[in-house]
Amino acid sequence: LSPVCLGSLRRAASINAEYMGEKAKHRMSDEVEDLLLDLEKAQVQASNLEKKQKKVDAQINEWKIKCDEIQAELDKSQKDARDYSAEVLKLRAESEDMSDSFNALKKENKTLAAELSSVSEQLSEGGKTSA
């Protein structure tokens, strides 16, 4: 090979190497751009997911507050029911006592009425015999 051909081959090889280097740089640059686009999409998606998570957390907190309110209402209702039940038992006992007292007074009233009738009868018989 002549020195001119050899030089031309070397220049061609150098140009080819430069071209291949540029091609590799261009390919790498395209890959970097693709990766940056993917990163941006992932960041947008992560941001959207964080917003959704905040909404879900807020909803859960609202439900917890509602649950606590309902639990407090239930506890109060149960306490009131126990108090009313105790009051009912107390009133039943008082009612039984009053019923017993009423029946005893009724019996005593009958006895007294019978005695009064007997005394009235004796008085009217005693007045007839002395006349």
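Source: prediction; values computed, not measured.
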Name the atoms and distances for all side-chain donor-acceptor pairs under 3.5 Å in residues 96-116, with sequence neighbours left out.
unit_1	atom_1	unit_2	atom_2	d
Ser101	OG	Asp97	O	3.1
Asn103	ND2	Ser99	O	3.3
Thr111	OG1	Lys107	O	2.9

Side-chain cluster (under 4.5 Å, hydrophobic types only) that Val56 belongs to, other residues: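 Val56 clusters with Ile60.
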_Residues that Glu62 engages under side chain to side chain donor-acceptor pair (under 3.5 Å), provided they are two or more places apart_ =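 Not a single residue meets the side chain to side chain donor-acceptor pair (under 3.5 Å) criterion with Glu62.
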By side chain to side chain donor-acceptor pair (under 3.5 Å), which residues pair with Gln71, not counting sequence neighbours?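 If we apply the side chain to side chain donor-acceptor pair (under 3.5 Å) test to Gln71, skipping adjacent residues, the hits are Asp75.
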Just distance, no hydrogens or angles: give the donor-acceptor pairs under 3.5 Å from side chains in residues 36-47, sequence neighbours left out.
none

Practice prompt. Calculate, to the nearest 0.5 Å, the distance between atoms CD and CD belonging to Glu125 and Gln122 respectively.
Written response: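 One gets 7.5 Å once the value is rounded to the nearest 0.5 Å.
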* Asked: Which salt bridge (charged side-chain N to carboxylate O under 4.0 Å, His left out) pairs, counting each pair once, include a residue from residues 80-93, with sequence neighbours left out?
  ->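 Sorted result for residues 80-93: Lys76-Asp80, Lys79-Asp83.
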